[in-house]
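Computed from a predicted structure; not experimentally measured.
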Amino acid sequence: MNRNTPQTLDTVSSIVSEVTAHCLMTRTRRISRVVTSLFDQELRPYGLSSSQFSLLVLIARMDGASRAEIGRANHQERSTSTRNLQLVIDQGWAEELVPEKGRSRPIVISKAGRTLLAQAIPAWRAAQVKAKQLLGADGASAIVRLSSGLPIEELAG
């Protein structure tokens with residue numbers, strides 16, 4: 001049975017045209033990949049990816065948050081957050097504190113992580129300039145404005 005009837009092909013063509021012209025998800029993912037690539041290129045000499053840099057900044061800002069709190073603040077599914085946190089901990093850039101009592105093991109940035117951030121900040125600034133040039137002033141400020149309004153809530157998974 002041939003499912004590629006003229007009507008089906010017209011429907012698929014219409015769907016593809018609609019998604020290509022209007023899909024917010026595919027367009028934001030494309031923007032994300034291009035901007036992420038700029039930051040990855042600049043941070044690579046420091047042995048950091050853009051996601052690791054971002055995670056280190058978040059860990060430093062939250063100063064002693066749990067894995068779950070960091071994952072929620074980073075809008076990541078639990079297994080992704082756990083894997084990314086473990087990589088940063090394994091590199092020695094962050095550490096889990098052993099509490100005197102209770103089960104929560106807060107994660108803090110290590111001395112090595114603080115040093116790395118300080119060393120890598122010129123690369124981050126260079127990438128920031130390139131990204132702003134690429135996006136334009138209006139595009140860059142729209143991204144900041146939109147991301148500031150995102151809710152911090154637990155993601156499914």
Side-chain angles (χ1 to χ4, degrees), residues 18-157:
E18 179 183 355
V19 170
T20 301
H22 304 289
C23 183
L24 298 174
M25 183 263 310
T26 57
R27 288 174 181 261
T28 55
R29 289 178 61 94
R30 186 178 317 141
I31 292 167
S32 175
R33 286 190 296 271
V34 169
V35 171
T36 296
S37 178
L38 288 174
F39 282 85
D40 282 342
Q41 288 173 2
E42 292 294 330
L43 293 166
R44 189 170 293 121
Y46 298 92
L48 269 173
S49 69
S50 56
S51 63
Q52 291 166 334
F53 181 88
S54 172
L55 184 56
L56 279 176
V57 169
L58 182 62
I59 291 167
R61 182 172 56 92
M62 295 184 77
D63 195 28
S66 69
R67 287 177 181 263
E69 291 166 332
I70 292 168
R72 283 191 299 272
N74 212 15
H75 292 268
Q76 286 184 320
E77 187 266 335
R78 184 178 176 157
S79 65
T80 302
S81 179
T82 297
R83 183 177 55 251
N84 292 343
L85 281 168
Q86 197 58 52
L87 287 171
V88 168
I89 291 168
D90 290 347
Q91 288 292 327
W93 301 330
E95 54 197 12
E96 263 185 307
L97 301 179
V98 178
E100 290 183 25
K101 60 182 185 177
R103 291 180 33 196
S104 179
R105 297 174 63 118
I107 297 175
V108 297
I109 191 165
S110 68
K111 183 179 180 194
R114 287 190 302 275
T115 299
L116 181 60
L117 281 180
Q119 291 171 342
I121 199 66
W124 174 85
R125 287 180 178 142
Q128 190 79 348
V129 167
K130 289 179 181 180
K132 285 180 178 180
Q133 288 171 342
L134 177 71
L135 298 168
D138 290 344
S141 80
I143 288 173
V144 170
R145 186 181 69 254
L146 291 168
S147 67
S148 296
L150 292 174
I152 296 177
E153 56 191 34
E154 189 154 356
L155 300 175

Check your understanding: Any salt bridge (charged side-chain N to carboxylate O under 4.0 Å, His left out) pairs touching residues 22-37, not counting sequence neighbours?
Key ->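 Listed by first then second residue: nothing to list.
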
Practice item. Ignoring hydrogens and angles, tell me if any N or O in the side chain of Ser32 forms a donor-acceptor pair with the backbone of Thr28 under 3.5 Å. Key: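 Pair absent, no side-chain N/O of Ser32 close to backbone of Thr28.
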
Minimum heavy-atom separation for [X] and [Y], please, with both atom names.
X      : Y      : value
Pro122 : Gln119 : CD-O, 3.2 Å
Gly47  : Gln52  : O-OE1, 3.9 Å
Gln86  : Arg67  : OE1-NH2, 3.0 Å
Gly92  : Ala112 : O-CB, 3.6 Å
Leu43  : Ser50  : CD1-CA, 3.8 Å
Ala127 : Glu42  : CB-CG, 3.7 Å

Contact between [X] and [Y] at the side-chain level, heavy atoms closer than 4.5 Å - yes or no?
X      : Y     : answer
Leu135 : Ile31 : yes
Lys130 : Phe39 : no
Trp124 : Phe53 : yes
Arg105 : Leu97 : no
Leu55  : Ile59 : yes
Leu48  : Leu56 : yes

Practice item. Check whether more than 12 heavy atoms from other residues, nucleotides or ligands sit under 6.0 Å from atom CG of Leu24, and answer yes or no. Key: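 12 or below, so no.
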
Review point. Should we count CG of Asp90 as having more than 12 external heavy atoms under 6.0 Å?
Key: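 Yes, CG of Asp90 has more than 12 neighbouring heavy atoms, counting only those of other groups under 6.0 Å.
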
Could you state the interatomic distance from [atom1] ([X]) to [atom2] ([Y]), rounded to the nearest 0.5 Å?
X      : Y     : atom1 : atom2 : result
Ile109 : Arg61 : CD1   : CZ    : 12.5 Å
Ser49  : Asn84 : OG    : CG    : 8.0 Å
Ser79  : Arg83 : OG    : CZ    : 5.5 Å
Ile107 : Leu85 : CD1   : CG    : 4.5 Å
Arg72  : Ser66 : CZ    : OG    : 6.0 Å
Leu58  : Ser51 : CG    : OG    : 12.0 Å

